[in-house]
There are 2 protein chains.
Amino acid sequence: MEEFAAIPEVVILRLPRYVRVLKQLIQEQVSTVSSERLGQRLNISAAQIRKDLSYFGRFGKQGQGYKVEGLLNELNRILGLDRQWNVCLVGVGRLGRAIIGYPGFAPEGFQITAAFDITPGIVGQSVGRLQVQAMDELARTIKSKAVRIAIVAVPAEHAQDVIDRLVECGVRSILNYAPITAQVPSGVWVRNIDPVTFLQSMTYYLREE
Amino acid sequence: MEEFAAIPEVVILRLPRYVRVLKQLIQEQVSTVSSERLGQRLNISAAQIRKDLSYFGRFGKQGQGYKVEGLLNELNRILGLDRQWNVCLVGVGRLGRAIIGYPGFAPEGFQITAAFDITPGIVGQSVGRLQVQAMDELARTIKSKAVRIAIVAVPAEHAQDVIDRLVECGVRSILNYAPITAQVPSGVWVRNIDPVTFLQSMTYYLREE
DNA sequence: GTTTGTGAATTCCTTCACAGCT
DNA sequence: AGCTGTGAAGGAATTCACAAAC
């Protein structure tokens, strides 16, 4: 266990995938798993998985592998998934509504607790169990609900401004659906969800057929 | 220009981002750009951009940089974006409907031309300008519309089966919204869109606060 | 003076391979 | 015998740095 070296971001990005498979294995009543079998499910080499886990501790037993539930608990703890996270959403257009309606966040501990929009016609509307708030309530709500994570679903031209405001209000992690590369200060993390660039990169391999 | 070495996938994944910024620059009436300025917009080093582009040719001029429009055309050609792509969607639930309604695909040349579902109550419905088709029409439609790209928006438990069928029907690129690691034969590309794992990786950095 | 294109150097990531534990 | 954890090796990606072109 290397306590002091920074852990590569690629490693952190893989951990949630381990979490997901471990949950599947629990469903399947599997109580023990080897790095080999875990890797097969994820198309990741066994050595890679062992190396990744070794950044955080020694969770396996030679000759047996890993206890599924034990490893899951460790990973949940490491990733900070052993608690609830309040998330706010900015942008309640078509996409924002789909995000509010998406049932996949809550079971993983991410509760969308506030939604904001700039459009007068949208502010005040009820969407799901949320009432859309005006942007000038951003700071107060983020503080009162201890929000550290935001989802941005506004048009590209407003995304950087919105992100600036979120960062000012203390948000540290942003899931950005707008097709821009946001500029944020260090200490703030942004992940982009961008189906179009994914499609655009895959066409490279289809080019000549 | 290295004609024979395989081009790293990370490079291919960056090219669409260059395309996006170049389009922005055209909007802003900028006709010439240096790797330095391009990099600032994308948080990518100038050297990286030059190296990436050098895999494909020599598009710049020393002392001046790159012609925005010229470089954009080259990248569009390289990525196969100088044409229309027919895309099919499988899974017309809440998420699938949001995807059909998403206005970002068509302007980039991706036309959703067919939608499929397994649920009797959904098959036959009109969604947007599409009529939802039954799964047994998959093969015929994919052939007749020359579909090479599919979007999968079915529940996790059906995703692998759906992907298997798509691959059988000749689909080579899959944008997968289901939270699974799909197993596909070589020659088929899958990209996953997974907001939850993104959130789960960001909480690592928020853990102790 | 400015900026590209690119080998060389460096850094980062993955895989190897095996000692050591079960 | 089976599998982990990990240094060492190998491979990949990024950055450096500069000659050449404008």
DNA chain C contacts made by residues 61-68 of chain B, counting heavy atoms under 4.0 Å:
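The stretch gives B:Lys61, B:Gln62, B:Gly63, B:Gln64, B:Gly65, B:Tyr66 as the residues lying under 4.0 Å from the strand, ordered by number.
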
Q. Is there a side-chain polar atom (N or O) of B:Arg58 under 4.0 Å from OP1 or OP2 of D:dA21?
A.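 The answer is no; no side-chain N or O of B:Arg58 sits under 4.0 Å from OP1 or OP2.
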
(message) Taking atom CG as the centre, does A:Leu130 end up with more than 12 heavy-atom neighbours from other residues, nucleotides or ligands that are less than 6.0 angstrom away?
(response)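 Counting neighbours around CG of A:Leu130, more than 12 heavy atoms of other residues, nucleotides or ligands fall under 6.0 Å, so yes.
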
Check your understanding: By a strict heavy-atom criterion of less than 4.0 Å, which residues belonging to residues 24-42 of chain A are in contact with DNA chain D?
Key ->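 The answer is A:Ser34, A:Ser35.
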
Exercise for the section: Enumerate the residue pairs fulfilling salt bridge (charged side-chain N to carboxylate O under 4.0 Å, His left out) with a member in residues 40-55 of chain B, sequence neighbours excluded, ordered by first and then second residue. Expected result: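 Applying salt bridge (charged side-chain N to carboxylate O under 4.0 Å, His left out) to every pair that reaches into residues 40-55 of chain B, excluding sequence neighbours, yields B:Arg14-B:Asp52, B:Glu28-B:Arg41.
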
* Provide the full list of salt bridge (charged side-chain N to carboxylate O under 4.0 Å, His left out) pairs with a residue in residues 91-118 of chain B, sequence neighbours left out, each pair given once. =>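 Passing the test, one end in residues 91-118 of chain B: B:Lys23-B:Glu108.
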
Do the ring planes of A:Trp189 and B:Tyr205 sit parallel (below 30°), tilted (30 to 60°) or perpendicular (above 60°)?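 Parallel: the ring planes of A:Trp189 and B:Tyr205 meet at under 30°.
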
Quiz item: Any ion pair linking A:Lys145 and A:Glu137 (charged N to carboxylate O, less than 4.0 Å)?
Solution: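 Between A:Lys145 and A:Glu137 there is no salt bridge, as every charged N stays at least 4.0 Å from the carboxylate O atoms.
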
If we count only N and O atoms by modelled type, under 3.5 Å, do the side chains of B:Arg17 and A:Thr181 hold a donor and an acceptor together?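 The criterion, which ignores hydrogens and geometry beyond distance, is satisfied for A:Thr181 and B:Arg17.
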
Exercise for review: Identify the heavy atoms of B:Phe116 and B:Cys88 that sit nearest to each other, and give their distance.
Suggested key: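 Residues B:Phe116 and B:Cys88, closest heavy atoms: CE1-CB, 4.0 Å.
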
Inset, instruction - Going by the side chain to side chain contact (heavy atoms under 4.5 Å, CB included) test, name the single residue among A:Leu53, A:Leu25, A:Leu72 that passes it with A:Tyr66. - result: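 It is A:Leu53, the one option of A:Leu53, A:Leu25, A:Leu72 that forms the side chain to side chain contact (heavy atoms under 4.5 Å, CB included) with A:Tyr66.
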
Below 3.5 Å, can you tabulate the donor-acceptor pairs from side chains in residues 163-170 of chain B to any protein atom, sequence neighbours excluded?
{"unit_1": "B:Asp164", "atom_1": "OD1", "unit_2": "B:Gln160", "atom_2": "NE2", "d": "2.8"}
{"unit_1": "B:Arg165", "atom_1": "NH2", "unit_2": "B:Met135", "atom_2": "O", "d": "3.2"}

Whether each nucleotide of nucleotides 12-18 of chain D has a protein heavy atom under 4.0 Å at its base (B), only at its sugar-phosphate (S) or at neither (-) is summarised, 5' to 3', as -SSBBB-

